[in-house]
Amino acid sequence: MNPSPLDKNAVAKVLREISLLLQLKGENAFKVRAYDTAADRLLGLTQDLGALVREGRLQELPGIGQGLAEKISELVTTGKLGFHEELKAAFPAGLLEILQLPDMGPKKAMALWKELKVGSVAELEQACREGRVRELKGFGAKSEAKILEGIALHGRAQGKRKLLGDVLPTVESLLARLQAVPGVVRVSPAGSVRRRAETVGDVDLLASAPEAGPALDALANAPGVAVLIGKGESKCSVRMVEADLQVDLRVLPDEDFATALHHFTGSKAHHVRLRGLGQDKGFKISEWGVHRADGTKVLIRDEADIYRLLGMQYVPPELREDSGEIEAALEGRLPEDLLELEDVRGVVHSHSTWSDGKHSLEQMARAAKELGLQYLTVTEHSQAAVYAGGLKEDDLKRQWEEIDRVNEAIPGFRLLKGIEVDILESGALDYRDSVLEQLEVVIGSIHVRHNLNEEQMTQRLLNAMDNPCLNIIGHPTGRLIHERDPYPLRMEAVLDRAAERGVVMEVNGKPARLDLKAEHVRMAVQRGVKLVVSADAHKVEDLPHLIFAVATARKGWARKGEVLNTLPADKFIRALKAQRAR
DNA sequence: GCCGTTTTCGGCCCGACTGTTTTCAGTCG
């Protein structure tokens with residue numbers, strides 16, 4: 001198989017750029033949208049793009065017709081697209097960066113370029129300082145100041161969306177504060193936080209109350225607020241000290257809460273589709289509610305009412321990305337038993353002071369029990385992971401004695417004897433089989449030698465899965481969001497082998513990992529590969545990271561039955577072994 | 001550029017907000 005010069009992410013990025021360039025050109029807005037829709041479609045793709053191209057099946061994807069199919073094929077097979085190159089040549093490269101500034105769209109950017117020959121952010125900044133921008137039609141002194149402010153912010157926060165895991169604690173404490181305000185009925189996060197996206201730009205919060213004032217004040221005066229950006233009748237925006245995070249709160253009457261929550265949860269792509277469906281059925285769906293053709297308002301008590309009205313299953317927020325959930329919900333194919341946090345009985349993947357963890361086995365066990373869990377899989381690093389205090393084979397026996405002592409000391413809870421064994425460059429495991437066979441849970445992970453090529457890395461994992469001692473592949477792509485790219489890997493091949501051999505895939509909940517990520521989870525589920533959700537805990541404070549693994553599994557449409565650590569400890573271990581014995 | 005029990009043309013989601021205007025265009029979510 002020839003590796004594709006461009007993968008789906010790269011192709012989507014080109015389509016996105018074409019959309020921007022077409023907007024600059026003043027092209028028909030619907031043509032522009034077609035490129036955006038196609039980019040969304042590719043990003044949510046769970047099939048192999050290269051295969052779709054080879055088999056000429058691109059046009060089976062909704063939103064992709066003949067024109068886009070040809071362009072995508074050209075990109076995938078040659079790595080370039082003539083149409084794209086021509087468009088790019090027509091504008092200065094810096095214009096695309098100008099478009100990233102707040103309140104800056106194609107019309108304004110083109111005016112700046114045509115009238116002032118401003119073609120980069122640096123030139124724009126200079127033009128503002130010299131007062132030349134305010135002379136333009138449609139611009140004024142205020143726009144000039146706003147642009148300068150935007151440039152400053154852009155420089156500071158360039159591409160730095162925050163990890164969901166870094167943001168959620170702040171969000172939850174703000175929500176608790178708002179819920180305690182007298183008169184407040186309901187509170188909820190909205191936007192990407194509620195959809196449990198991997199990373200978050202701004203945080204949107206909603207509250208319902210008869211009077212907006214007290215709730216708005218509660219946010220404006222909340223601890224940790226650095227700047228009050230703005231406060232009006234029904235909205236308040238602040239910037240938090242922590243992580244330079246912007247938080248927007250809207251307060252509205254409780255009867256408008258459900259439609260507003262739905263509106264502000266998004267995603268945009270999901271909404272565009274829903275509104276189209278609504279229109280077909282004679283409803284107009286907007287932020288302010290659902291209206292019939294005669295203008296009367298439909299009573300919407302909660303979000304489920306909206307989906308019911310459209311004759312489809314309820315779509316949980318995590319799934320609202322227009323990646324097939326709408327078709328599935330219309331046909332009744334959406335999983336009704338998506339994994340819930342409450343389904344999880346035990347935590348998989350943890351470290352203690354025996355290797356690079358911060359807390360003792362007993363501390364970890366007590367903390368996990370405190371969270372309502374029944375077991376914790378102890379999986380220290382193996383000897384190859386020298387930097388992480390990896391255990392020698394001999395150390396294991398002594399650790400097992402301590403595990404036995406802790407298990408006796410804490411009734412109703414159990415530490416399982418496991419290991420996170422390194423997958424060496426060849427795909428061999430870092431312990432002898434005779435040692436691995438004695439363990440209850442064997443996670444195999446890659447920690448060293450990341451710089452192999454796609455074929456070598458794929459083969460490394462395939463080889464590892466051939467060892468019957470291996471139960472689970474840990475953080476299969478090795479990515480660290482914002483820090484390290486996933487290693488090159490043919491995920492389809494890895495998952496096919498996992499399905500064939502009964503190897504389980506980890507969904508690692510560490511906020512910077514989320515690995516497998518949601519789209520890979522979906523690919524795994526489609527192949528019948530079983531999963532575990534893990535915390536990858538190195539200290540007791542990491543144990544709640546399980547919620548991010550659960551969120552990722554849900555975003556990948558994983559049902560309870562597909563996640564093995566929803567089973568009690570004995571059945572969990574038996575299921576792991578049974579998988580391998582198939 | 002896509003799409004079709006309104007099918008090969010003429011549609012394509014909707015409304016608020018802002019700053020600029022003097023009735024509206026552009027941007028955003």
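In the text below, chain A, chain B and the rest are named by the order of the sequence lines, each starting its count at 1.
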Inter-nucleotide C1' distance (B:dT23, B:dT18), Å rounded: 15 Å
If we take the C1' atom in both B:dT21 and B:dA25, what is their distance in whole Å? 10 Å
Using atom P in both nucleotides, what's the gap between B:dT27 and B:dT20 to the nearest angstrom? 14 Å
Determine whether A:Glu130 and A:Gln126 satisfy the following criterion, side-chain hydrogen bond (donor to acceptor under 3.5 Å, both in side chains), listing intermediate values before the conclusion. CA-CA 6 Å; A:Glu130 291 168 3; A:Gln126 198 185 345; 3.0 Å; yes
Counting N and O atoms only, with roles assigned by atom type, does the side chain of A:Lys284 sit under 3.5 Å from a partner on the main chain of A:Ala293, one being a donor and the other an acceptor? no
Short question: side chain of A:Asp515, backbone of A:Thr477 - any donor-acceptor pair under 3.5 Å? yes
B:dC9 to B:dG15 separation - P atoms, rounded to the nearest Å: 31 Å
Quote, to the nearest angstrom, the P distance that separates B:dC17 from B:dC13. 22 Å
Side chain of A:Glu144, backbone of A:Val133: donor and acceptor closer than 3.5 Å? yes
Are A:Lys13 and A:Asp7 ion-paired here, with the side-chain N under 4.0 Å from a carboxylate O? no
Atom CH2 of A:Trp288 and atom C1' of B:dC14: how far apart are they, to the nearest Å? 13 Å
Quick one: side chain to side chain donor-acceptor pair (under 3.5 Å) partners of A:Gln526, sequence neighbours excluded? A:Thr46
If the C1' atom of B:dG11 is compared with that of B:dA16, how far apart are they to the nearest Å? 25 Å
Would you call A:Glu198-A:Arg479 a salt bridge at under 4.0 Å N-O? yes
What is the distance, to the nearest angstrom, from the CZ atom on A:Arg41 to the P atom on B:dG1? 19 Å
Just checking A:Ala111: base, sugar-phosphate only, or nothing, at a heavy-atom cut-off of under 4.0 Å? nothing
Residue pairs meeting salt bridge (Lys or Arg N to Asp or Glu O under 4.0 Å), one or both in residues 268-282 of chain A, sequence neighbours left out, come to A:Arg273-A:Asp322, A:Arg273-A:Glu327
Distance between the P atoms of B:dT6 and B:dC2, in whole angstroms? 23 Å
Answer yes if the side chains of A:Glu321 and A:His270 hold a donor-acceptor pair under 3.5 Å, and no otherwise. no
What distance, rounded to whole Å, do you find between the two C1' atoms, one in B:dG1 and one in B:dT5? 24 Å
Residues from residues 296-321 of chain A lying under 4.0 Å of DNA chain B - heavy atoms: none
Are A:Tyr307 and A:His262 an aromatic pair by the rule of ring centers under 6.0 Å? yes
Tell me whether the count of non-hydrogen atoms from other residues, nucleotides or ligands lying under 6.0 Å of CZ in A:Arg301 goes above 12. no
In whole Å, I'd like the distance from the NE2 atom of A:His271 to the P atom of B:dG15. 14 Å
Given atom CD of A:Glu70 and atom P of B:dG1, what is their separation to the nearest angstrom? 10 Å
Donor-acceptor check, side chain of A:Gln313 to backbone of A:Leu334, threshold 3.5 angstrom: yes or no? yes
Check whether the side chains of A:Ser267 and A:Arg320 place a donor and an acceptor atom closer than 3.5 Å, and report yes or no. no
Could you please name the partner base of B:dC2, counting Watson-Crick and G-U wobble pairs only when both distances are under 3.5 Å? B:dG11
Can you check the A:His270 NE2 to B:dC13 C1' distance for me, whole Å? 13 Å
Please tabulate the protein-to-nucleotide N/O contacts below 3.5 Å involving nucleotides 3-7 of chain B, giving atom names and distances.
{"residue": "B:dC3", "atom": "OP1", "partner": "A:Gly63", "partner atom": "N", "Å": "2.7"}

Taking the nucleotide of DNA chain B with the nearest heavy atom to each, does A:Arg33 or A:Ala69 sit closer to the 5' end? A:Ala69
Checking A:Asp166 side chain against A:Lys162 main chain: does a donor-acceptor pair fall under 3.5 Å? no
Considering only heavy side-chain atoms of A:Ser286, the closest of B:dG15, B:dG19, B:dC12 is B:dG15
Could you state the CG-C1' distance from A:Asp36 to B:dC2, rounded to the nearest angstrom? 14 Å
Base, sugar-phosphate, or nothing: which does A:Gln279 touch, judged by heavy atoms less than 4.0 Å apart? sugar-phosphate
By nearest nucleotide on DNA chain B, pick out whichever of A:Ile285 and A:Tyr35 is the more 5' one. A:Tyr35
Could you check whether A:Arg292 and A:Thr296, counting side-chain N and O atoms only, form a donor-acceptor pair closer than 3.5 Å? yes
Quick one, give me the B/S/- string for nucleotides 21-29 of chain B, reading 5' to 3', where B means a protein heavy atom under 4.0 Å from the base and S means that only happens at the primed atoms, P, OP1 or OP2. -----SSSB
Ordered by number, residues from residues 225-238 of chain A within less than 4.0 Å of DNA chain B (heavy atoms) are none
In whole angstrom, what separates A:Gln23's CD from B:dG1's C1'? 14 Å
